[in-house]
Every structure is written in C-alpha cells, then in structure tokens.
There are 2 protein chains.
Amino acid sequence: MDAEPLLSVASPPLTPAVKRSLADDVVDRLRDAILHGSFKPGEALREEQLATMLDVSRGPVREALVQLEREGLVVVRRHRGATVARLSRGDLEEVYSLRLALERLAMLRAARYATDEDFAAMEAVMAAFDVALSRGPSEKEIAELDLRFHDLIYRAARHQRMYDCWSNLRSQIYIFLLLRNVANPDFRDVTIKAHADLLEALRARDEVLVATLIEEHLRGAYDRILESYTATEHASSGEAPSPTLI
Amino acid sequence: MDAEPLLSVASPPLTPAVKRSLADDVVDRLRDAILHGSFKPGEALREEQLATMLDVSRGPVREALVQLEREGLVVVRRHRGATVARLSRGDLEEVYSLRLALERLAMLRAARYATDEDFAAMEAVMAAFDVALSRGPSEKEIAELDLRFHDLIYRAARHQRMYDCWSNLRSQIYIFLLLRNVANPDFRDVTIKAHADLLEALRARDEVLVATLIEEHLRGAYDRILESYTATEHASSGEAPSPTLI
DNA sequence: CATCCTTGTATTGTCAACAATAATCAGTTA
DNA sequence: TAACTGATTATTGTTGACAATACAAGGATG
C-alpha cells in the first residue's frame with residue numbers, strides 16, 4: 001500500500017520488521033514494471049500470465065491489480081481483464097487539479113505541524129537533488145527526487161486519509177514528470193528554486209505564503225507538462241478540451 | 001465500487017444493465033449492516049463467518065473487506081483479520097478537513113460545468129427533503145438526503161478521481177451525520193437553508209461565493225458534530241486534541 | 001451480401017482445500 | 001508467583017480446480 005523510499009533519509013535505528021504479503025510484493029513489482037515501460041499503455045495484463053511470470057498464484061495477482069487500479073496505473077473491466085492505463089490530457093487535468101486541492105491542505109497543515117526532523121529530511125532531499133544534478137542525472141532520478149520532496153510535505157501534514165489520496169496519485173504524477181523531462185530540459189532550476197522557497201515558507205510557518213507558493217509551483221508544473229503533451233500529442237484521437245486547470 | 005442511491009431522483013430512461021460481481025453485492029450488504037449498526041465498532045469480522053452468513057465463499061468476502069477498508073468502515077490487519085472501524089474525534093477532523101479541500105474544488109468545478117439537469121436533480125433532492133420533514137423523518141432519512149445533495153454537487157463537477165475520493169469518505173460522513181442528529185435536533189433548518197444558498201450560488205456561477213458558502217457550511221457542520229462528540233465522549237480513552245479544523 | 005445465430009475458446013469469477021501465522025493456554029522453571 | 005517455553009487452535013494467506021462469461025469465428029438464413 002505504501003511505497004518505501006529507495007534511499008532512506010534520516011532512517012530510524014530499528015525498523016519494526018514488518019512482513020509483507022505476496023500481494024504487496026506483486027504490487028511493487030508490477031508497478032515498477034509499468035513505470036519502467038516493460039508494459040506499454042493499453043497492453044493487456046492477464047492474470048494467469050502475470051502469475052506465471054511472478055511465480056505466484058492468481059489470487060495475489062488479482063489483489064495487486066485492484067490496488068494498481070486505485071493508483072491509476074491499470075484499468076480493470078469485469079470479465080475483460082486488466083490493461084495498462086492510458087493517461088490522456090484529461091487525466092493530466094484531473095490529477096493536477098486534485099493534487100492542487102490536496103497539496104494546498106498539505107502545505108497548510110505542514111506549516112502548522114512540521115518538526116525540525118521533517119525540515120531536515122526535506123533539506124536532505126534537496127541536497128540529494130543538487131548532488132544528482134552535478135553528475136548528469138537520469139530523468140527517473142529527477143522525477144523520484146521531486147516526488148520524494150513532496151511526499152515529505154504530505155507526511156509532515158500528519159493526515160493519514162490525505163496521504164492515502166496522495167499515494168493514489170503519486171505513480172500517475174511520476175509518469176507525467178517523465179513526460180515533462182523529455183520535452184523540457186531546463187525545468188530543473190525552476191523546481192529546485194520552488195522547493196527551496198516552499199521549505200523556507202514552511203519554516204516561517206507562513207500559511208498565506210505557503211498556499212500561494214504551492215499554487216504557483218503546481219500550476220507551473222502543470223503548464224510545462226501540458227506543453228509536452230501538445231508537442232508530442234499522445235492521445236491522437238480528437239481530445240480537444242482541458243487546457244485550463246481547475 | 002459505486003453505491004447506487006436508494007431512491008433515484010431524475011433517473012435516466014434506461015440503465016445500462018450492468019451486471020455486478022458477488023464481491024460488489026457483499027460490499028453493499030456489509031456496508032448496510034455496519035451502517036445500520038448490525039456490527040458494532042471494534043467487532044471482529046471473520047471471513048469464514050461472513051462467507052457463511054452471506055452464502056458465498058471467502059474470496060468475494062475478502063475483496064469486499066478491502067473495499068470497505070478503503071471506505072474507512074473496516075480496519076484490516078495482516079493475519080489478524082478485520083474489525084469494524086472506530087471513528088474518533090481525530091478521524092472526524094481528518095474526514096472534514098479533507099472533505100473541505102475536496103468540496104471546495106467540487107463547488108468551483110460545479111459552478112463551471114453543472115447543467116440544468118444537475119440543478120433540477122439538486123432541487124428534487126431539496127424537495128424530497130421538505131417532504132420528509134413534513135412527516136417526521138428518521139435520522140437516517142435526513143442523513144441520506146443530505147449526502148445525496150452533496151453527491152450531486154460532486155457529480156456535477158465532472159471529475160472522476162475527485163468523485164472516487166468523495167466515495168471513500170461518504171460512509172464515514174454518514175456515521176458522523178447520524179451522530180449529529182441524535183444530539184442536535186434543530187440543525188435541519190440550517191442545512192436546508194445552506195443547501196438552498198449553495199444551489200443559488202451555483203446557478204449564478206459565482207466562484208467566489210460558492211467557495212465561501214461551502215466553507216461556512218462545512219465548518220458549521222463540523223462544529224455541530226464535534227459538539228455531539230464532546231457531549232457523548234465516544235472515544236473514552238484520553239484523546240485530547242483536534243478541536244480546530246484544518 | 002449482410003445479418004443473425006451457434007459454437008468454440010480464452011479469460012475472469014468463484015470456490016474449497018491446504019499452508020502459514022499469530023494468539024491462547026498449559027506446563028515448566030527460576 | 002511470575003516469566004518463559006512449547007503445543008494447540010482459530011484465523012488468515014495462498015493455491016489449483018471448476019464455473020461463468022465475453023469475444024471471435026464460422027455457418028445458416030433472409
């Protein structure tokens with residue numbers, strides 16, 4: 001249900017040694033496969049085939065597909081099986097308008113509840129961002145660090161239900177970020193600057209500024225991704241509307 | 001996944017004749033049982049027992065429990081089974097702060113996208129509200145009509161992902177509404193007036209007013225429920241914080 | 001020639017049996 | 001007596017087989 005960060009920043013001394021179910025493993029492996037492009041959008045995901053590939057039975061695979069549908073990576077239709085989701089411009093608009101509503105609340109709460117440990121973790125991710133930049137980072141690295149920074153904001157907000165909503169958007173946003181990176185190479189400085197500003201406003205616990213900054217940041221991100229979309233024109237079918245956010 | 005309204009207002013001429021799975025039926029029957037109080041908060045929900053009671057195998061029951069966990073009605077712990085969720089004041093605060101963030105967006109979008117059919121459906125629910133009031137309605141009736149009005153707003157917003165988030169909150173809100181009704185008998189006029197104002201602002205497509213009204217409406221609702229909570233003091237364990245929204 | 005119906009097949013939906021696990025409760029030991 | 005240890009048991013996790021369904025292909029019919 002809850003993807004573990006790849007490089008743990010400020011990890012606690014002992015982890016509670018949680019045992020995961022087969023379905024959880026399948027979720028992670030399938031998610032990675034989809035995000036890595038091993039399965040293309042629209043491709044059929046047959047339960048039996050996946051069970052054979054992953055060396056489990058169909059039960060855990062079925063559960064995993066339900067979870068991945070919640071995360072927006074998979075579409076399941078009754079008696080017709082699952083397919084990898086195609087994310088259209090309409091989906092982009094839905095994801096980012098919802099994200100804006102959620103993340104405004106996240107910022108307000110983080111401004112109220114975040115601890116010094118939270119701020120330190122954010123700074124660590126920003127530092128990792130700098131390090132990555134200095135050695136020619138891959139697009140995946142950039143997208144993951146970007147998401148990790150925002151994930152820390154959601155965690156600092158101390159709101160389980162909101163965090164669950166965010167978890168259901170995260171993978172879709174990852175896909176959109178990769179798309180943005182391909183078309184737009186100079187976004188990185190903008191992102192780094194925006195993150196620095198967000199952290200500064202959070203530290204100042206300035207609720208008005210925090211809300212303003214996240215709105216600007218996300219609207220900017222949305223616009224840049226939308227450019228990539230109209231440039232490459234993924235959904236070739238006539239899908240005209242949805243340029244404006246909200 | 002998607003609860004059908006009990007009394008369909010402004011129903012379309014032909015329904016697409018969707019065939020439901022056993023798991024979907026189990027979800028509905030279990031949800032109703034929990035909301036009707038057939039299962040008390042904290043009570044264990046054993047898969048085998050439920051399967052026997054509902055005359056299905058454990059498979060569909062398992063799927064249903066996962067869905068109900070997403071709706072916040074059930075807590076599933078690995079190898080320890082499922083229990084009916086206990087909703088604390090902390091949960092109330094989470095649900096209503098998240099609801100406020102979502103519903104502000106819903107109102108903004110509904111103000112932009114709602115059609116005359118949407119408005120007519122809202123008026124029909126308001127009329128049903130009046131009819132119900134005139135003949136001494138049950139608390140369940142009131143809560144259902146209240147939820148149905150807000151559900152129409154979310155539908156009018158034309159935003160599938162947001163609607164899914166709302167669907168995951170709806171049953172929890174229903175529980176809170178029942179709680180409010182018990183302790184506070186004169187809220188009905190307030191609610192009716194607020195709904196009328198919301199509809200009028202939507203018709204005027206006044207985005208500023210719409211956002212202001214929903215915030216007032218939901219903060220008021222939250223405060224009234226919180227009163228009931230502190231009056232009856234459900235979570236008897238020392239849970240001090242969370243009086244303020246956001 | 002198009003359309004409808006039948007049949008075959010691949011795939012998901014459901015089930016019941018088996019394996020793994022966590023809680024319970026004696027029994028033992030310090 | 002209290003704490004630890006080990007078997008017992010109830011319950012979930014997982015599996016493979018069976019049933020139901022939707023799609024596709026082919027033939028019958030107008």
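In what follows, chains carry the letters A, B, and so on, assigned in the order in which the sequence lines appear, proteins first and then strands, with residues in each chain numbered from 1.
A salt bridge between A/Asp118 and A/Arg158 is present, with a side-chain N of the basic residue lying under 4.0 Å from a carboxylate O of the acidic one. The residues B/Arg80 and B/Glu47 are annotated as not salt-bridged, no charged nitrogen and carboxylate oxygen being separated by less than 4.0 angstrom. Between B/Arg180 and B/Asp146 a salt bridge is recorded (basic side-chain N to carboxylate O distance below 4.0 Å).
Applying the ring pair (Phe, Tyr, Trp, His ring centres under 6.0 Å) test to B/His159 and every residue at least two apart in sequence or in another chain returns nothing.
Between the CZ atom of A/Arg46 and the P atom of C/dA10 there is a distance of 11 Å, given to the nearest Å. In this structure, A/Glu43 places its CD atom 13 Å from P of C/dT11, rounding to the nearest Å. To the nearest angstrom, P of D/dT11 lies 12 Å from CG of B/Leu50.
Rounding to the nearest 0.5 angstrom, the gap separating the OG1 atom in B/Thr83 from the CD atom in B/Glu69 is 9.5 Å.
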Inset, instruction - Treat primed atoms plus P, OP1 and OP2 as sugar-phosphate and everything else as base, then score nucleotides 14-24 of chain C 5' to 3': B for base contact with protein heavy atoms under 4.0 Å, S for sugar-phosphate contact only, - for none. - result: BB-B---SSS-
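Contact annotation for A/Leu65: no contact, since no heavy-atom pair falls under 4.0 Å across all strands.
Taking both residues in full, the closest heavy atoms of A/Ser171 and A/Leu35 are given as O-CD2, 4.0 Å, listed atom of the first, atom of the second, then distance.
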